[in-house]
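Let me begin by presenting the structure, written as C-alpha cells, before commenting on it.
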2 protein chains.
Amino acid sequence: MDNYSFTEENYIKAIYHLETKGDVANTNKLADAMQTRAASVTDMLKKLKRKKLVTYKPYYGCNLTPRGKSLALLIIRRHRLWEFFLSEKLGFNWQEVHDVAEELEHVGSEKLINKLDEFLGYPKVDPHGDPIPDFKGNMVEPEQFSLAGYTLNKSGIVVKIGEQSPALLEVLEQKKIGIGSRIKVLQKADFDQSMEIKINNKHTAHISKVLAENIFIKIV
Amino acid sequence: MDNYSFTEENYIKAIYHLETKGDVANTNKLADAMQTRAASVTDMLKKLKRKKLVTYKPYYGCNLTPRGKSLALLIIRRHRLWEFFLSEKLGFNWQEVHDVAEELEHVGSEKLINKLDEFLGYPKVDPHGDPIPDFKGNMVEPEQFSLAGYTLNKSGIVVKIGEQSPALLEVLEQKKIGIGSRIKVLQKADFDQSMEIKINNKHTAHISKVLAENIFIKIV
DNA sequence: ATAAAAATTTAGACAAATCTAAAAAAATAT
DNA sequence: ATATTTTTTTAGATTTGTCTAAATTTTTAT
C-alpha cells in the first residue's frame with residue numbers, strides 16, 4: 001500500500017463519511033467537514049484525483065475510486081481498532097477515545113494494525129457501536145434493536161433515540177443515558193415490562209417499557 | 001505542555017542522543033542524524049532557539065534547555081513505552097519495534113501515555129534494554145557491561161545491542177543471540193580477544209572482539 | 001602565520017497545504 | 001429570460017521544512 005499524508009487521509013475519510021451518508025462530497029460540505037476553506041478543498045481534490053483516489057468533476061464534487069474506498073476503510077479500521085483498545089485496555093471513556101484515535105489512525109504499519117486486531121480478539125464493533133472493517137475492508141453493520149426487545153444479560157451500545165421529545169431527552173439526561181452508552185439488561189419485570197439496566201458498567205437505572213421502546217441498541 | 005511538530009520533536013530527540021553520547025550537537029552531526037543538509041539544520045536550530053528548546057551559538061552548535069530536555073525525555077518515554085507494548089503485547093521481535101515506535105511516539109495525548117504506562121505495569125526497561133523515563137522524566141540506567149569486558153565463567157542477560165547496523169543484527173540473528181538471551185563466557189583467546197560463549201545454556205558460539213563489544217549484559 | 005580544507009551560515013528557491021480576494025459557473029428567484 | 005445569489009474555481013500570497021550554491025567562519029596543515 002502506498003503512503004499518504006495525514007491531510008490526504010483525513011480528506012479521504014471525510015469523503016467516505018459524506019458518501020455513506022448518501023451525500024455527494026462537494027466542495028462546501030468538505031470545507032465544512034475539514035474545517036477549512038472551499039479554495040483549499042478544490043486544490044486538494046485536484047491532487048486526490050491525480051493520485052487516483054477520487055473522481056473529481058469541477059463544480060460538481062467527487063466520488064471515491066475503488067482505491068480511495070479501500071484507503072478509507074483502512075483508515076476507519078485503524079481508527080476503530082484504536083478506539084476499542086483505548087476503551088477496553090486503557091480504560092478510556094467512550095467519549096474520550098475519538099480524539100486520540102484520530103491521531104493514532106495515521107500510523108501506517110500494516111503489521112501493527114493486524115497484530116493489534118489479533119491482540120484485541122478481532123472485535124466487530126468499536127465503543128460507539130460502529131463496525132470495524134476487517135483486514136480486507138469488509139465490515140458487518142450491526143443490527144439495531146429497541147431495548148424493549150432485549151433479553152436478560154444482553155448488552156449493547158445506544159445508537160439512536162426514537163422519539164425526540166424534550167420530555168424524553170430530559171429523562172435520558174437525568175439517567176445519564178446517551179448515544180454511545182453501553183447498556184446491559186440486569187432484570188426485567190414481567191407484569192409491566194420495565195427493566196433494570198446497568199449503564200457504562202457504572203450505575204444502574206430502572207426504566208419503563210415506553211422508555212425502553214425509544215432506546216435503540218446495537219449488539220456488540 | 002505545548003505542541004510541537006514531528007520534525008521539531010525528532011530534532012530534539014537527536015540532539016538529546018548526541019548530548020548524552022558526550023558530543024556537542026553541532027550542525028553536521030545533526031544533519032547526519034536527521035538525514036538532511038547542514039543548511040536545513042541551521043534553519044531549524046534558529047527556530048528551536050526561538051521556541052526556547054535549545055541554546056544555539058552560530059558556528060558552535062546547541063544544547064538543550066531544561067524545557068528541551070524534558071521534551072526529549074517525554075518523547076523517549078513515549079517511544080520506549082510503545083516499544084515495550086509492541087514487543088510484550090503484540091509479539092513483535094525486538095528488531096522490529098523501533099520503526100513503528102518512531103511513528104507512535106509523536107501521538108501527543110498525555111493521558112494516553114500515562115494510561116499505557118499503567119497498562120504495561122510501569123516497565124523500567126524497553127526491549128533493547130534502554131531505561132524508560134517515568135512521567136516526571138526520571139529514569140534508572142540499569143547496570144550493564146559490554147560482553148567484551150567479561151571474564152571467564154561469568155554470565156548474564158543480554159539487555160542491549162550497541163550498534164544497530166543491519167550487518168550486526170544479521171550476525172546476532174544467525175547466532176540466535178537476542179535481548180534476554182542468557183550468555184556465559186566459556187573461553188577467551190588472548191591473541192584476538194575472541195570468545196567462546198554458551199547461549200541460553202543450549203548452544204555455543206564463537207564471537208569476535210568487535211561483536212562482544214556490541215553486546216551488553218546485565219549481571220543476574 | 002598563512003594557505004588550504006572543513007564546517008557552517010546566508011541567500012534565494014521550491015513543494016505542500018493553506019489562505020484571501022476576485023472571477024467564473026451554476027442555481028434560484030422574479 | 002434575466003437578474004441575483006450561491007457555489008466553486010482561479011490567481012497570487014503565506015508558512016513550514018527543505019534544497020542548492022555561494023559566502024563566511026573556523027580548523028588544520030605546512
Side-chain angles (χ1 to χ4, degrees), chain A residues 2-15 18-19 21-64 68 71-72 75 102-103 105-106 108, chain B residues 2-16 18-19 21-64 68 71-72 75 102-103 105-108:
Chain A
D2 302 82
N3 227 36
Y4 302 102
S5 75
F6 280 32
T7 314
E8 289 164 348
E9 290 193 355
N10 285 331
Y11 268 94
I12 291 297
K13 204 174 43 151
I15 294 165
L18 283 173
E19 279 190 5
K21 242 188 10 185
D23 294 346
V24 171
N26 58 26
T27 308
N28 266 2
K29 277 190 218 131
L30 269 172
D32 195 52
M34 295 296 298
Q35 307 254 61
T36 186
R37 301 313 183 102
S40 311
V41 173
T42 301
D43 290 346
M44 182 54 82
L45 289 185
K46 285 187 200 159
K47 188 178 163 194
L48 294 176
K49 185 188 176 162
R50 275 202 311 277
K51 297 198 174 190
K52 302 203 192 304
L53 293 171
V54 305
T55 56
Y56 164 59
K57 243 177 64 188
Y59 294 103
Y60 165 77
C62 72
N63 289 109
L64 290 175
L71 177 58
I75 300 161
E102 206 67 4
E103 289 192 63
E105 74 188 9
H106 300 292
Chain B
D2 302 82
N3 228 36
Y4 302 101
S5 75
F6 280 32
T7 313
E8 289 164 348
E9 290 192 354
N10 285 331
Y11 269 94
I12 291 298
K13 204 174 44 150
I15 295 165
Y16 178 89
L18 283 173
E19 280 190 3
K21 240 188 12 184
D23 294 346
V24 171
N26 58 27
T27 307
N28 266 2
K29 277 189 216 131
L30 269 171
D32 194 51
M34 296 296 299
Q35 305 255 61
T36 185
R37 301 312 183 104
S40 312
V41 173
T42 301
D43 290 345
M44 181 54 82
L45 289 184
K46 285 186 200 159
K47 187 179 163 196
L48 294 176
K49 185 187 177 161
R50 276 203 311 279
K51 297 199 174 189
K52 301 203 193 303
L53 293 171
V54 306
T55 56
Y56 164 60
K57 244 177 64 186
Y59 295 101
Y60 165 77
C62 72
N63 289 108
L64 290 175
L71 178 57
I75 300 162
E102 205 70 1
E103 288 193 63
E105 74 187 8
H106 300 294
V107 175

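Sequence lines set the chain letters: A, B, ... in the order given, protein chains first and strands last, and positions in each chain run from 1.
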| B:Tyr59 side-chain N/O to D:dA23 phosphate OP1/OP2 under 4.0 Å | no
| request: Send over the distance from A:Lys57 NZ to C:dA26 P, rounded to a whole Å. | output: 10 Å
| request: Evaluate whether atom OH of A:Tyr60 has more than 12 neighbouring non-hydrogen atoms of other residues, nucleotides or ligands under 6.0 angstrom away. | output: no
| message | When you compare the side chain of B:Tyr4 with that of B:Leu48, does any pair of heavy atoms fall below 4.5 Å? | response | no
| query | Below 4.0 angstrom from OP1 or OP2 of C:dT18, is there any side-chain N or O of A:Arg37? | reply | no
| task | Report yes if at least one side-chain N or O of A:Asn28 is closer than 4.0 Å to OP1 or OP2 of D:dT8; otherwise report no. | result | yes
| query | In whole Å, what is the span from the CG atom of A:Asp32 to the C1' atom of D:dT8? | reply | 15 Å
| query | Quick one: is C:dT10 close enough that its OP1 or OP2 comes under 4.0 Å of any side-chain N or O from B:Lys46? | reply | yes
| query | Are any of A:Tyr60's side-chain N or O atoms less than 4.0 Å away from OP1 or OP2 of C:dA27? | reply | no
| message | From C-beta outward on B:Thr36, which listed nucleotide comes closest to its side chain: D:dC19, C:dT8, C:dT18? | response | D:dC19
| message | Go nucleotide by nucleotide along DNA chain D from the 5' end; which of B:Glu8 and A:Asn26 gets its closest nucleotide reached first? | response | A:Asn26
| query | Does the side chain of A:Ile12 reach to within under 4.5 Å of the side chain of A:Val54, using non-hydrogen atoms? | reply | yes
| query | Is the shortest side-chain N/O distance from A:Ser5 to OP1 or OP2 of C:dA16 below 4.0 Å? | reply | no
| If each of A:Tyr11 and A:Pro58 is mapped to the nucleotide of DNA chain C with the nearest heavy atom, which maps nearer the 5' terminus, i.e. the 5' end? | A:Tyr11
| query | Can you find a heavy atom in the side chain of B:Glu102 that is under 4.5 Å from one in the side chain of B:Lys13? | reply | yes
| query | Contact class for A:Ser40 vs. all strands (heavy atom < 4.0 Å): base, sugar-phosphate, or nothing? | reply | base
| A:Arg50 CZ to C:dA16 P, straight-line distance once rounded to whole Å | 8 Å
| task | Determine the contact category for B:Thr42: base if any of its heavy atoms lies under 4.0 Å from a base atom, sugar-phosphate if only primed atoms, P, OP1 or OP2 are that close, otherwise nothing. | result | base
| request: Give a yes/no answer on whether the side chain of A:Thr27 brings an N or O atom under 4.0 Å of OP1 or OP2 in D:dT9. | output: yes
| query | Side-chain contact, heavy-atom cut-off 4.5 Å: B:Ile75 with B:Leu71? | reply | yes
| message | Assuming nearest nucleotide by heavy-atom distance, tell me which of B:Val41 and A:Thr7 is located more 5' along DNA chain C. | response | B:Val41
| said: Just the rounded figure in Å: distance from P of C:dC19 to CD of A:Gln35. | reply: 10 Å
| request: May I ask you to say what A:Tyr56 touches in the nucleic acid, namely base, sugar-phosphate or nothing, with a heavy-atom cut-off under 4.0 Å? | output: sugar-phosphate
| Roughly how many Å is it from NZ in B:Lys49 to C1' in C:dT9, rounded to a whole number? | 14 Å
